[in-house]
Amino acid sequence: MSFPLLTVTAAVPAVGAILTAAVPAARRTAAKWLALLVSLATLALAAVVFVRFEPGGERYQLTESHAWIKDFGVRYELGVDGIGVALIALTALLIPFIVLAGWHDADPLETSSKRWRPTQGFFALILMVEAMVILSFEATDVFLFYILFEAMLIPMYFLIGGFGDRAHSGSDENAAAQRSYAAVKFLLYNLVGGLIMLAAVIGLYVVAGNFSLPEIAEARANGSLEMATSTERWLFLGFFFAFAVKAPLWPLHTWLPNAMGEATAPVAVLITAVVDKVGTFAMLRFCLGLFPEASKWATPAIVVLALISIVYGALLAVGQRDIKRLVAYASISHFGFIILGIFAMTTQGQSGATLYMVNHGISTAALMLVAGFLISRRGSRLIADYGGVQKVAPVLAGTFLIGGLATLSLPGLAPFVSEFLVLVGTFARYPVAGVIATTGIVLAALYTLVLYQRTMTGPVKEEVRTLPDLRARELAVVVPLIAVLIFLGVFPKPLTDVVNPAVQHTMSDVQQKDPSPEVEAAK
């Protein structure tokens, strides 16, 4: 039997989470270093997966399949395509920086208690989320994916509600209430989506007789499995609703600003840069792969919702007074671009959407983590409490600017490539939608540059005169992320070579071809 590389890649952070949680209460530093080493080991394994994947080979590679619940046809079945490989690499890349950025976020305010180990719990939960997210990108059994899709809510609930942002303007009781509200709202929204998806998963089993994605797709392709049109559409809606909540897509987005605002900056990055990508990934793998006719039927409505997300999220970002909520609404706008690219049903759009998942994760991590460093120094998330930071902390201001420019998709930085491909793919099939989507670019420039102007330029406020610049640990977080943004901005080929064949398979699933360009005959 070949080496189970995919299982090991997900098992390392899972085992690391257990070991980290078991570290004695007095050895907080040891727990941090253990979590960091485990995340780096996972990154090394993800790099092996990336290198061993052959873009021109089989659709699903490094496959594993073992019987699990035989009576219901459930299997422990794994395999990765180019899209899954890219997102595994993103997840494994970001977790070490999340761990480093949150190095002191869970240090107890009172050290007298010997029972509660908040530091160990914080880092163990992060590693457990990493394990579940990686395994969800690998799962090709629908039921296995559903279990992971729901299970990752539990550690995320505790990360939001139990380890909230300490920079809160109200009392400790009010801060705890806000954290609890955000955590419960996150959990309820996603649980409702998951319950609806469970009904669709059961319906899929009744129709198909198994949960294997490759087998169901093959049966549909060769005509041995037929679904009634109404059945396929209802099943599609059940899956899509859950993924739209996770993504998040308007009007199912309202949990995200609360969750990101109340969580620590590293956990906010974990939410929007890692966990939420499971939703958009699943749209490509499961919605389009299992329900091609229903996907085309629902495309006009989904394109409209994506456009609303783009414009609505950007407009609300412009009006925000809270730095973290501004980044949250900007992310809603960016997820609108990703979903628009997926349902444009063109190779450029879907390739751009996949690249956008990766590039958005890196750019949001860079911006949010620098913002978190700034907030921890001043103790406030309000934009109005800052001014003139670039004069007292020029490196912090410079890295904040680069993260912001990446967020607005400046040419030369990674998000530009993906946003450009999404718009090209959208214009090819839906030119009006493409025109509307471009307004998101203008609004992104507005909220990003206004944020920088109000916080970093102008007279130095008295409260920020003594702010220190980025320290060595913080530079170790930010500099590599910026380097990756620049590298993928000028040379995206390593990602596009992996992603494009997978996109071709997805386009084949929905039986779509790129529109032919219209060229007027010369007179």
Side-chain angles (χ1 to χ4, degrees), residues 9-10 13 42 46 49-50 80-95 97-98 126 129-139 145 148-153 155-156 186 190 193 239-240 242-249 252-253 255-256 259-260 266-288 306 309 313 327-328 330-343 350-366 368 407 414-415 418-419 422 481 484 488 495 498-499 502-503 506:
T9 304
T42 307
V49 172
F50 192 92
V80 287
D81 60 2
I83 299 169
V85 165
L87 293 175
I88 290 170
L90 169 69
T91 302
L93 174 67
L94 291 182
I95 296 300
F97 299 118
I98 289 173
I126 289 175
V129 172
E130 179 183 24
M132 292 179 180
V133 169
I134 288 176
L135 203 56
S136 69
F137 292 142
E138 299 171 346
F145 173 83
L148 297 164
F149 186 82
E150 290 292 273
M152 69 180 67
L153 301 179
M156 287 306 308
F186 161 82
N190 284 275
F239 277 80
F240 181 80
F243 303 152
V245 172
K246 183 85 78 178
L249 178 68
L252 306 171
H253 67 284
W255 63 267
L256 183 65
M260 288 184 66
V267 172
V269 171
L270 188 65
I271 295 169
T272 190
V274 177
V275 173
D276 286 356
K277 298 302 187 298
V278 176
T280 47
F281 162 80
M283 291 179 188
L284 277 167
R285 173 168 280 191
F286 295 102
C287 286
L288 272 61
S309 287
V327 178
S331 292
I332 292 170
S333 181
H334 295 150
F335 274 103
F337 274 106
I338 294 171
I339 296 170
L340 179 65
I342 292 172
F343 285 91
Q350 292 187 359
S351 294
T354 305
L355 291 179
Y356 216 135
M357 293 184 220
V358 176
N359 296 333
H360 169 263
I362 300 169
S363 62
T364 299
M368 178 60 85
T407 299
S418 43
E419 195 165 281
V422 166
L481 291 174
V484 174
L488 293 179
L495 275 181
V498 170
V499 166
V503 167
T506 304

#### Entry: Heavy-atom pair with the smallest gap, counting every atom of A10 and A131
O-CB, 3.3 Å

### Task
Can you see which heavy atom on A414 is nearest to which on L488, and at what distance?
CB-CB, 3.7 Å

### Query
Roughly how far, to the nearest 0.5 Å, is OG1 of T364 from NE2 of H334?
6.5 Å

### Audit row: N190, E150, side-chain contact (heavy atoms from CB on, under 4.5 Å) steps and yes/no
CA-CA 8 Å; N190 284 275; E150 290 292 273; 5.6 Å; no

### Query
Got a second to check how far L93's CG is from F50's CZ, nearest 0.5 Å?
11.0 Å

### Query
Roughly how far, to the nearest 0.5 Å, is the CE atom of M260 from the CD1 atom of I332?
9.0 Å

### Query
Which atom names give the shortest non-hydrogen contact between A502 and G82, and what distance separates them?
CB-N, 3.7 Å

### Task
Please report the shortest heavy-atom distance between G336 and S309, naming the atom on each side.
CA-CB, 4.0 Å

#### Entry: Check: E138 and T9 side chains under 4.5 Å, non-hydrogen atoms
yes

### Message
Is any side-chain heavy atom of L153 closer than 4.5 Å to one of K246?
### Response
yes

### Task
Measure across G313 and S333 and return the closest heavy-atom pair with its distance rounded to 0.1 Å.
C-CB, 4.1 Å

### Query
Which is it for V358 and V499 under the side-chain contact (heavy atoms from CB on, under 4.5 Å) test, yes or no, and what are the steps along the way?
CA-CA 11 Å; V358 176; V499 166; over 6 Å; no

### Query
Which heavy-atom pair separates P13 from E130 by the least distance, and what is that distance?
CB-OE1, 3.5 Å

### Task
Kindly indicate whether the side chain of I95, heavy atoms from C-beta on, has any atom under 4.5 Å from the side chain of I98.
yes

### Message
If you define the side chain from C-beta out and look only at heavy atoms, does anything of F240 sit under 4.5 Å from L249?
### Response
yes

#### Entry: Minimum side-chain heavy-atom gap S136-M152 below 4.5 Å
yes

#### Entry: I88 CD1 to I83 CD1 distance, which is reported to the nearest 0.5 Å
12.0 Å

Name every donor-acceptor pair, under 3.5 Å, that has one atom in a side chain of residues 268-288 and the other anywhere in the protein, sequence neighbours excluded.
unit_1: T272; atom_1: OG1; unit_2: S331; atom_2: OG; d: 3.3
unit_1: K277; atom_1: NZ; unit_2: T272; atom_2: O; d: 2.8
unit_1: K277; atom_1: NZ; unit_2: H360; atom_2: ND1; d: 2.9
unit_1: T280; atom_1: OG1; unit_2: K277; atom_2: O; d: 3.2
unit_1: R285; atom_1: NH1; unit_2: F137; atom_2: O; d: 3.4
unit_1: R285; atom_1: NH1; unit_2: A139; atom_2: O; d: 2.9
unit_1: R285; atom_1: NH2; unit_2: D81; atom_2: OD1; d: 3.3

### Message
Rounded at 0.5 Å granularity, tell me how far CD1 in I338 sits from CG in N359.
### Response
9.5 Å

